[in-house]
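Presented below is the structure to which this report refers.
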Amino acid sequence: MTYLANPARYDQTSTRPMEYRRCGNSGLRLPAISLGLWHNFGGVDVFENYRAILQAAFDNGITHFDLANNYGPPPGSAEENFGVIMKKDFTPYRDELVISTKAGYLMWPGPYGDWGSKKYLVASLDQSLKRMGLEYVDIFYHHRPDPNTPLEETMAALDLIVRQGKALYVGISNYKAEEAEKAIAILKQLGTPCLIHQPKYSMFERWVEGGLLDVLGREGVGCIPFSPLAQGLLTDKYLKGIPNDSRASKAHGFLKSSQVTPEVVARLEQLNAIAIDRGQSLAQMALAWLLKDERVTSVLIGASRVSQLLDSLDCLKNKNFTEEELNTIEKVLSK
Ligand SMILES: NC(=O)c1ccc[n+]([C@@H]2O[C@H](COP(=O)([O-])OP(=O)(O)OC[C@H]3O[C@@H](n4cnc5c(N)ncnc54)[C@H](OP(=O)(O)O)[C@@H]3O)[C@@H](O)[C@H]2O)c1
């Protein structure tokens, strides 16, 4: 069936109006909610399900899809599958989409398929473009810092890739505050400003508050937290055990059942009660809690089905927190 995008996708009077937030000091605005293809879009997943998720996302104003060379499993398959859907459904909408990919983790054997050399980054992006059938990506990231490659070489590779026209913007991911500051300075000097940083950030993972957010705010670099729902923990799904179809129950899932401890569930119960008082689902509250900080450009969610995506999108209906709510949340999180 030919896909025709919802004509009301940018309509601010629709039931789920999307908000677009400026990415740092750049000219680019990103949707407050972006969709990542780490899980649920690989060779082990169901084509019609992930196709429906991508369509529902775009139909609701999500213009940003995030990938990486190694997403799957098997590695590379999320990009391949996305390429098929790109061709089938999204070709007419390419200029309405911000598509990102990354390199930095193990992708192929030998000394050139991992970390942060120019050799690896340039070759990996060429492979990603082929898999996705794209001429360029909008954002190319270095996926994690490499302690053994000079930062100057890695940043020069990002600069080169932009000058070659293979990416419009560049970003870094998983860099600590100090490393990020250095990378941002080198990129600025090269004339290819760092657009965005992608750190792990959620109610359960708050290291970015210890300096990174300040660096990004000061330098005018955007921030797109990944795993904002702590891989699904920050939802109501684990309150009554581990459902069979959840990430924690899947052999290839990165969330392990051992992470769903009685202590975590007790904390989730308290957070869930606060969310209910606010008239939100726990997932919605967890996302709204991140978006209350203006330095956060977009939250990068995952979804295993359309209903989750729609639930998460509704976080935009209430992003305001009272002082009292914030204090109560803080008490639960610091226990
Ligand atoms: N840069 C990096 O190093 C890095 C690392 C990891 C991820 N990322 C990026 O961040 C993206 C998101 O990561 P993530 O998938 O871990 O994000 P997440 O939003 O924290 O977790 C998504 C998972 O939570 C569950 N879920 C989502 N919405 C729900 C809802 N409303 N109600 C109940 N359950 C819900 C689903 O899991 P079930 O399968 O249990 O249904 C879904 O797959 C990735 O796709 C990737 O693009 C980047």
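Ligands are counted one by one from 1 in listed order, and the atoms in each one are counted from 1 as well.
- The number of heavy-atom neighbours closer than 6.0 Å to NZ of Lys256, taken from other residues, nucleotides and ligands shown, is above 12.
- Ligand 1 has no nitrogen or oxygen under 3.5 angstrom from a nitrogen or oxygen of Lys250.
- Heavy-atom proximity to Arg305, at under 4.0 Å, picks out these atoms of ligand 1: 41 (O).
- The nearest heavy-atom contact from the protein to atom 36 (C) of ligand 1 is Gln308 OE1, 3.3 Å.
- For the pair Phe226/Asn174, a side-chain contact is recorded, criterion being any heavy-atom separation below 4.5 Å from C-beta on.
- Considering only heavy atoms from C-beta on, Lys250 comes within 4.5 Å of Asn40 through its side chain.
- Scanning the protein for heavy atoms near atom 24 (O) of ligand 1, the closest one is Gly232 CA, 3.1 Å.
- Looking from atom 12 (C) of ligand 1 to the surrounding protein, the closest heavy atom is Leu300 O, 3.2 Å.
- When side chains are defined from C-beta on, Tyr93 counts as touching Tyr3, because their heavy atoms get closer than 4.5 Å.
- Phe226 CE1, 3.1 Å is the protein heavy atom nearest to atom 5 (C) of ligand 1.
- Contacts of Leu35 with ligand 1, taken as heavy-atom pairs under 4.0 Å, are absent altogether.
- Backbone and side-chain nitrogen or oxygen atoms of Tyr105 are examined, and none is located within less than 3.5 angstrom of a nitrogen or oxygen of ligand 1.
- A distance of 11.5 Å separates CG in Leu255 from CG in Leu229, rounded to the nearest 0.5 Å.
- Listed by atom number, the atoms of ligand 1 under 4.0 Å from Ser312 heavy atoms are 28 (N), 31 (N).
- Which parts of ligand 1 touch Asp311 is read off a 4.0 Å heavy-atom cut-off, strictly below it: atoms 30 (C), 31 (N), 32 (N).
- Ligand 1 has no N or O atom lying under 3.5 Å from any N or O atom of Ser246, backbone or side chain.
- For Glu269, the CD atom counts as densely surrounded, since its 6.0 Å shell holds more than 12 non-hydrogen atoms of other residues, nucleotides or ligands.
- Between Lys237 and ligand 1, at least one N/O pair is under 3.5 Å apart.
- Listed by number with element, the atoms of ligand 1 under 4.0 angstrom from any heavy atom of Gln198 are 1 (N), 2 (C), 4 (C), 8 (N), 9 (C), 48 (C).
- Heavy-atom proximity to Asn40, at under 4.0 Å, picks out these atoms of ligand 1: 43 (O).
- Residue contact check: Ala230 has heavy atoms under 4.0 Å from atoms 20 (O) of ligand 1.
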Can Ile196 and Leu30 be said to form a side-chain contact (heavy atoms from CB on, under 4.5 Å), step by step?
CA-CA 11 Å; Ile196 195 163; Leu30 292 180; 3.7 Å; yes
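- Side-chain atoms of Ser173 do not come within 3.5 Å of backbone N or O of Arg144 as any donor-acceptor pair.
- At the shortest separation from atom 27 (C) of ligand 1 among protein heavy atoms lies Gly302 O, 3.3 Å.
- Here the heavy atom of the protein found nearest to atom 1 (N) of ligand 1 is Ser173 OG, 2.8 Å.
- For ligand 1, the polar-atom distance check finds an N/O of Leu229 within less than 3.5 Å of one of the ligand's N/O atoms.
- Ionic pairing of Glu48 and Arg51 is present here: one or more N-O contacts between side-chain nitrogen and carboxylate oxygen are shorter than 4.0 angstrom.
- A salt bridge links Arg206 to Glu209: one of the charged nitrogens lies within less than 4.0 Å of a carboxylate oxygen.
- At under 3.5 Å, a nitrogen or oxygen of Asp66, whether backbone or side chain, sits near a nitrogen or oxygen of ligand 1.
- Looking at Gln231 against ligand 1, both its backbone and its side chain come within 4.0 Å, counting heavy atoms.
- Polar contact check, Ala283 against ligand 1: no nitrogen or oxygen pair lies under 3.5 Å apart.
- Applying the salt bridge (charged side-chain N to carboxylate O under 4.0 Å, His left out) rule to Lys317 yields the partners Asp314; only residues at least two apart in sequence or on another chain are considered.
- Between the CD1 atom of Ile62 and the OG atom of Ser34 there is a distance of 7.0 Å, given to the nearest 0.5 Å.
- Under a cut-off of 6.0 angstrom, the local environment of CG in Asn244 is sparse, with at most 12 non-hydrogen atoms contributed by other residues, nucleotides or ligands.
- Looking at residues two or more places apart in sequence or on another chain, you find a side-chain contact (heavy atoms from CB on, under 4.5 Å) between Thr101 and Leu67, Glu79, Leu125, Ser128, Met132, Val137, Phe140.
- Each of the following atoms of ligand 1 lies closer than 4.0 Å to a heavy atom of Ser304: 38 (P), 39 (O), 41 (O), 43 (O).
- An N or O contact shorter than 3.5 Å links Trp38 to ligand 1 by distance.
- Looking from atom 16 (O) of ligand 1 to the surrounding protein, the closest heavy atom is Ser227 OG, 2.7 Å.
- Within the 4.0 Å heavy-atom cutoff, Tyr71 counts among the residues contacting ligand 1.
- Looking at ligand 1, you'll find an N or O of Arg247 within less than 3.5 Å of one of its N or O atoms.
- Open room surrounds NZ on Lys182; 12 or fewer heavy atoms of other groups in view lie less than 6.0 Å from it.
- For ligand 1 and Asn174, the ligand atoms under 4.0 Å from any heavy atom of the residue are 1 (N), 2 (C), 3 (O).
- Using modelled atom types and a 3.5 Å distance limit, the side chains of Gln127 and Asn69 yield no donor-acceptor pair.
- Not a single N or O atom of Ile301, backbone or side chain, sits closer than 3.5 Å to an N or O atom of ligand 1.
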